[in-house]
Amino acid sequence: MPSAVRSSRGSSALRFGRFAAMGTVAVLILIAGVWASWGTAQHVMLTKGRERGTVEVTRCAEDACEGPFRPLSPGSQPRATVVLGDTVAVAEGRTYTVVLKPGGAEAVRSGPAGVLYAWVPLGGALLLASVVVAGGLLRTRAAWVMALAGAGLLTAAFVAL
């Protein structure tokens with residue numbers, strides 16, 4: 001005859017295991033988003049000591065655009081050609097404010113548009129992690145906050161570019 005009393009020990013262990021696993025997945029997704037964003041964001045946000053200027057785009061290929069660099073910060077040197085990677089919202093003939101990455105001729109967009117574009121991977125990670133938080137952790141309010149923050153970041157970047 002089966003017992004009518006259920007053991008709560010097994011149920012709570014499974015609940016804790018699910019919470020630990022899904023929490024770990026959500027944290028790893030967010031860390032990956034920050035890691036992917038920081039590679040570009042550090043150059044855009046921490047501009048002290050970096051070369052700042054403008055680039056007038058003269059030629060674009062599939063994955064990069066290039067043009068001459070005109071310095072705006074003291075100590076910067078003009079360059080005949082710098083490369084703007086990720087040609088999202090970059091058009092030939094237009095001029096963009098940029099920050100040069102140290103030790104090369106690679107530039108990243110600066111200003112509000114550059115900052116928002118640099119953090120786009122975090123916006124995607126917030127959206128993805130919100131699904132894990134809602135489904136795996138059963139924390140719908142936190143998931144909604146994360147999803148709205150991610151969607152807001154992606155929308156702001158789209159509008160700014």
Side-chain angles (χ1 to χ4, degrees), residues 21-137 139-161:
M22 291 296 113
T24 301
V25 169
V27 168
L28 286 175
I29 291 170
L30 292 175
I31 288 172
V34 170
W35 186 269
S37 297
W38 187 246
T40 302
Q42 66 178 326
H43 302 293
V44 178
M45 296 174 67
L46 306 173
T47 60
K48 187 175 181 179
R50 300 192 195 274
E51 294 185 72
R52 296 182 306 261
T54 60
V55 172
E56 183 179 347
V57 177
T58 57
R59 189 172 69 91
C60 284
E62 281 186 31
D63 59 348
C65 291
E66 59 184 40
F69 174 75
R70 291 191 188 89
L72 294 176
S73 61
S76 298
Q77 300 297 320
R79 291 189 169 89
T81 303
V82 295
V83 177
L84 264 171
D86 297 329
T87 59
V88 175
V90 176
E92 286 186 38
R94 294 196 58 197
T95 302
Y96 301 97
T97 57
V98 296
V99 175
L100 294 182
K101 289 185 176 181
E106 188 177 350
V108 291
R109 286 184 65 176
S110 63
V115 170
L116 289 170
Y117 183 66
W119 288 105
V120 162
L122 177 62
L126 282 166
L127 284 174
L128 183 59
S130 72
V131 174
V132 174
V133 168
L137 298 177
R139 304 284 189 249
T140 54
R141 287 185 189 144
W144 273 110
V145 169
M146 291 171 67
L148 290 174
L153 179 58
L154 294 174
T155 303
F158 177 78
V159 169
L161 290 175

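Computed from a predicted structure; not experimentally measured.
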Can you check whether V44 reaches V99 side chain to side chain, under 4.5 Å on heavy atoms?
-> no
When every non-hydrogen atom of V108 is compared with those of H43, the smallest separation belongs to CG2-CB, 4.0 Å
Looking at CG of L100 and CZ of F69, how far apart are the two atoms once the value is rounded to the nearest 0.5 Å?
-> 4.0 Å
Would you say the side-chain atoms of Y96 pair up with the backbone N or O of A91, donor to acceptor, closer than 3.5 Å?
-> yes
Taking all non-hydrogen atoms of both residues, which atom of A134 and which atom of A143 are closest, and how far apart?
-> CB-CB, 3.5 Å
Which heavy-atom pair separates G123 from L153 by the least distance, and what is that distance?
-> N-CD2, 3.5 Å
List in chain and number order the residues that pass side-chain hydrogen bond (donor to acceptor under 3.5 Å, both in side chains) with T54, two or more places apart in sequence or in another chain; answer none if no residue qualifies.
-> none
Taken to the nearest 0.5 Å, the spacing of L127 CG from L148 CG works out to 9.0 Å
Provide the closest heavy-atom pair for V83 versus A64 in the form atom of the first, atom of the second, distance.
-> CG1-CB, 3.7 Å
Is there a side chain to side chain contact (heavy atoms under 4.5 Å, CB included) between Y117 and F158 once you walk through the steps?
-> CA-CA 8 Å; Y117 183 66; F158 177 78; over 6 Å; no
Pairs involving residues 139-161, ordered by first then second residue, that meet side chain to side chain donor-acceptor pair (under 3.5 Å) (sequence neighbours left out) = none
For residues 29-54, pull every pair meeting salt bridge (charged side-chain N to carboxylate O under 4.0 Å, His left out), keeping only residues two or more places apart or in separate chains.
-> E51-R79
Backbone N/O of G33 and side chain of S37: donor-acceptor pair under 3.5 Å = yes
V120 side chain near L154 side chain, heavy-atom distance below 4.5 Å = yes
To the nearest 0.5 angstrom, please state how far the CD atom of Q77 sits from the CZ atom of R70.
-> 15.0 Å
Give me the one residue out of V55, L84, T97 that meets side-chain contact (heavy atoms from CB on, under 4.5 Å) with R109.
-> L84
For A118 and P121, the nearest pair of non-hydrogen atoms, with its separation, is O-CD, 3.5 Å
Heavy-atom donor-acceptor pair, T58 side chain to E66 backbone, under 3.5 Å | yes
Do V132 and M22 touch side chain to side chain, with heavy atoms closer than 4.5 Å?
-> yes
So, for G23 and L137, which heavy atoms are closest and what is the spacing to 0.1 Å?
-> N-CD2, 3.7 Å
